[in-house]
S.K.: 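Input: one structure, supplied below.
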Amino acid sequence: MNILQINSSARREGSHSTQLADRIVGKLQDADPEARLTVRDLGATPHPGLDEATLGALFTPASQRTDAQSARVALDDALIAEIAAADVVVLGVPMYNFGVPAPLKNWIDAIARVGVTFRYTESGPEGLLKGKKIYVALARGGKYRNTPADTQVPYLSTVLAFLGMTDVHFVYAEGLSMGADAEREALATAFAEIEDAVAA
Ligand SMILES: Cc1cc2nc3c(=O)[nH]c(=O)nc-3n(C[C@H](O)[C@H](O)[C@H](O)COP(=O)(O)O)c2cc1C
């Protein structure tokens, strides 16, 4: 089994979303000690976003790209290869201003490539990253689960499904900024959800 862990907190120390993602990965490794793990920390190594030069590179046929264009596309190719090889993907996702961290959005922009990770058919779009199990560890200062203010879950569900990843399990740690008791309770709840969600 190949596990791909994507951390997207800006924090290297004390990140709750990374802590939860680590716990999920730990349980997966307990169940399969032979599992291979790849960790990509988008906070430590942010992926470049889409700009005009990048779009120009992506839409230039490979044989006609300049060296700079080929190098830029290769950065995205590496992320696509990582997720294509993964059987299980674990995302650590803080809520920043009601959305996902910008580096995670850049990662999604990098892995969504027409003709490679999705395609359009006569019956509509088809995601090509199939057969994967996805865990998403959410960390929030407030409490937004199942409310319209939670834009993260609909967004991630939609874009992951668009790319073929429909087996997605969300784990929530909410209320982390609402005092020490609330933080303890949030983490305990999230760890219990992980116990239930990740088969031992
Ligand atoms: C820049 C910034 C923006 C934030 N925006 C929100 C928000 O919109 N809603 C919320 O509930 N918490 C918000 N928080 C709190 C974080 O979601 C919370 O601290 C979370 O634990 C951060 O993830 P991490 O522990 O993995 O770094 C924000 C925190 C930061 C630093």
Side-chain angles (χ1 to χ4, degrees), residues 2-30 35 37-51 78-79 82-83 86 88-112 132-163 165 167-198:
N2 286 332
I3 305 170
L4 174 62
Q5 178 177 353
I6 304 288
N7 300 328
S8 66
S9 173
R11 300 198 281 179
R12 307 278 66 68
E13 298 293 327
S15 161
H16 295 303
S17 59
T18 301
Q19 184 188 5
L20 297 177
D22 287 346
R23 176 69 72 105
I24 293 169
V25 167
K27 284 218 62 167
L28 292 166
Q29 289 175 317
D30 287 347
L37 173 64
T38 301
V39 181
R40 187 168 280 272
D41 188 330
L42 298 172
T45 313
H47 193 80
L50 291 177
D51 57 12
L79 299 195
E82 262 175 17
I83 193 158
V88 184
V89 182
V90 181
L91 302 177
V93 184
M95 179 180 276
Y96 286 162
N97 300 312
F98 297 96
V100 300
L104 182 62
K105 178 62 167 63
N106 287 348
W107 178 79
I108 290 167
D109 287 341
I111 65 165
K132 303 178 193 305
K133 173 83 189 171
I134 319 297
Y135 296 97
V136 183
L138 301 164
R140 290 131 179 226
K143 296 187 177 185
Y144 302 106
R145 187 174 188 160
N146 297 327
T147 76
D150 183 352
T151 64
Q152 291 184 309
V153 169
Y155 167 64
L156 289 171
S157 301
T158 299
V159 72
L160 292 172
F162 182 78
L163 298 176
M165 294 173 277
D167 187 2
V168 184
H169 195 105
F170 291 92
V171 172
Y172 299 72
E174 293 204 297
L176 292 167
S177 304
M178 297 169 65
D181 286 348
E183 180 180 334
R184 256 192 308 277
E185 197 179 314
L187 292 174
T189 302
F191 288 143
E193 287 182 14
I194 290 169
E195 286 301 309
D196 288 345
V198 186

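One-based numbering, in listed order, for ligands and for the atoms of each. Since the model is a prediction, treat every value here as computed from it, not as a measurement.
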S.K.: Taking 4.0 Å as the limit for heavy-atom contacts, which would you say applies to Ser17 with ligand 1: side chain only, backbone only, both, or neither?
M.R.: both
S.K.: Please lay out, stage by stage, how Glu174 and Thr189 fare under the test side chain to side chain contact (heavy atoms under 4.5 Å, CB included).
M.R.: CA-CA 9 Å; Glu174 293 204 297; Thr189 302; over 6 Å; no
S.K.: Polar-atom distance check: Pro94 versus ligand 1, any N or O pair below 3.5 Å?
M.R.: no
S.K.: Could you check whether any side-chain heavy atom of Asp41 comes within less than 4.5 Å of a side-chain heavy atom of Arg12, counting everything from C-beta outward?
M.R.: yes
S.K.: Given Tyr96, Tyr144, Phe98, which has its nearest heavy atom closest to atom 30 (C) of ligand 1?
M.R.: Tyr96
S.K.: Near Leu176, which atoms of ligand 1 are under 4.0 Å from a heavy atom of that residue?
M.R.: 21 (O)
S.K.: Which is closest to atom 6 (C) of ligand 1 in terms of heavy atoms, Met95, His16, Arg11?
M.R.: Met95
S.K.: Does the plane of the ring in Tyr135 sit parallel, tilted or perpendicular to the ring in His169? Use 30° and 60° as the thresholds.
M.R.: tilted
S.K.: Considering only non-hydrogen protein atoms, determine which one is nearest to atom 11 (O) of ligand 1 and report residue, atom name and distance to 0.1 Å.
M.R.: Gly142 N, 2.7 Å
S.K.: Pick from Leu156, Val159, Val136: which one makes a side chain to side chain contact (heavy atoms under 4.5 Å, CB included) with Val100?
M.R.: Leu156
S.K.: Are more than 12 heavy atoms from other residues, nucleotides or ligands located less than 6.0 Å from atom CD of Glu183?
M.R.: yes
S.K.: Identify the protein heavy atom lying closest to atom 5 (N) of ligand 1, giving its residue, its atom name and the separation to 0.1 Å.
M.R.: Asn97 N, 2.8 Å
S.K.: Identify the heavy atoms of Met178 and Gly142 that sit nearest to each other, and give their distance.
M.R.: SD-CA, 4.1 Å
S.K.: I'd like to check which ligand 1 atoms, numbered from 1 as shown, lie under 4.0 Å from a non-hydrogen atom of Ser15.
M.R.: 24 (P), 25 (O), 26 (O), 27 (O)
S.K.: Using a strict cut-off of 4.0 Å, indicate which atoms of ligand 1 neighbour a heavy atom of Gly141.
M.R.: 10 (C), 11 (O), 12 (N), 15 (C), 16 (C), 17 (O), 18 (C)
S.K.: Taking NZ, NE, NH1 and NH2 as the nitrogens, is one of them in Lys27 or Asp30 under 4.0 Å from a carboxylate oxygen of the other?
M.R.: no
S.K.: Students should be able to answer this: which protein heavy-atom is nearest to atom 20 (C) of ligand 1, and at what distance?
M.R.: Ala139 O, 3.8 Å
S.K.: Between Arg145 and Glu193, does any NZ, NE, NH1 or NH2 come within less than 4.0 Å of an OD or OE carboxylate oxygen?
M.R.: yes
S.K.: Pull out every atom of ligand 1 sitting under 4.0 Å from any heavy atom of Ser9, numbered as shown with elements.
M.R.: 24 (P), 26 (O), 27 (O)
S.K.: What do we get for Arg140 next to ligand 1 when only non-hydrogen atoms under 4.0 Å count, side chain, backbone, both or neither?
M.R.: both
S.K.: Nearest protein heavy-atom contact for atom 19 (O) of ligand 1: which residue, which atom, what distance?
M.R.: Ser177 OG, 4.3 Å
S.K.: Side chain to side chain contact (heavy atoms under 4.5 Å, CB included) for Thr38 and Arg40? Distances and angles first, verdict last.
M.R.: CA-CA 7 Å; Thr38 301; Arg40 187 168 280 272; 5.6 Å; no
